[in-house]
Number of protein chains: 2
Amino acid sequence: MAEVQLTPELLAAVAERFKVLSEPTRLQILSTLRDGESTVSKLVDSTGLGQANVSKHLQILHVTGFVTRRREGLYVYYRLAGNEVFELCDIICDRLEEEIRARESLLGGEG
Amino acid sequence: MAEVQLTPELLAAVAERFKVLSEPTRLQILSTLRDGESTVSKLVDSTGLGQANVSKHLQILHVTGFVTRRREGLYVYYRLAGNEVFELCDIICDRLEEEIRARESLLGGEG
DNA sequence: TCACTGATCAGCGATATGGTAATATATCTG
DNA sequence: CAGATATATTACCATATCGCTGATCAGTGA
């Protein structure tokens, strides 16, 4: 009956990926990149974050395969590596919407 | 051209959900629950974690809607609220497999 | 009342995080 | 090479969180 148990290593690897997406700042960056590739400085401008901060987050997103980068002269262009991120977000958002609807039905129960 | 920008609040809410899934321990609990509902004490037994610890994680999973609970006599049975979690994990796992394959192709680059 | 399951709270030590300032690197220009 | 710009990296601080433990409370049933 029991399915294949996930190894601790795989669990940790999956958790690590989720952790990358568990930062609003990174989601914000990814969301911005949805409009198309962007340079670091553009992202700094559009997000209002510091340059080092943006670079660090981009580095994490790059290492974990969520974005790709290409250099062009002085600039480095980052772009989404795929749409999986937003598939993930959509699943989460669907849940959130359900919950919001459910809470509206209850109208004011907090516990 | 620009799509609707996600509000900071929505980003935070989505990030929070990802954060719930960014703990190997919680993924382990969810994975165990995939075999069917379980009581807290069974989970304590099968995971090797402490009772308070398991309860805490279950509480988080419950509040965020990943599991449901029902009381039956002395026992409280937890079960998965849906399969979305594993849809999410599958997407992540697919990525991981790709990366592992890619690294095997390179055979020994570490940086 | 007693026994059992589970929830909650407080506290500990270890680790990881985001942010930022400072500095290093890469690229182009002259 | 020196200067300017864009990006990456490092060092550091403050905070958050984790897992764990012990204690205690709450709910259920005998």
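A quick note: this is a predicted structure, and the numbers were derived from the prediction, not measured.
One finds the CD atom of B/Q59 at 6.5 Å from the OH atom of B/Y78 (value rounded to the nearest 0.5 Å). Between A/L21 atom CG and A/R26 atom CZ the span is 8.0 Å, to the nearest 0.5 Å.
Taken residue by residue, residues 14-25 of chain B places heavy atoms nearer than 4.0 Å to DNA chain D at B/E23, B/T25. The stretch residues 43-59 of chain A comes close to DNA chain D through A/Q51, A/A52, A/S55, A/Q59, each having a heavy atom under 4.0 Å from the strand.
A close approach under 4.0 Å does not occur between any side-chain nitrogen or oxygen of B/R69 and OP1 or OP2 of C/dG6. Here A/Y78 reaches the OP1 or OP2 of D/dA8: one of its side-chain N or O atoms lies under 4.0 Å away. A sub-4.0 Å separation between OP1 or OP2 of C/dG6 and a side-chain N or O of B/T39 is present.
Closest approach to the B/R26 side chain among C/dT5, C/dT27, D/dC18 is made by D/dC18 (side chain taken as heavy atoms from C-beta onward).
For the pair A/K19/B/F18, no side-chain contact is recorded, criterion being any heavy-atom separation below 4.5 Å from C-beta on. Using a 4.5 Å heavy-atom cutoff, the side chains of A/L88 and A/I92 are not in contact.
Taking both residues in full, the closest heavy atoms of A/T68 and A/A81 are given as CG2-CB, 4.0 Å, listed atom of the first, atom of the second, then distance. Contact detail for B/P24 and A/A12: the closest heavy-atom pair is CG-CA, 4.1 Å.
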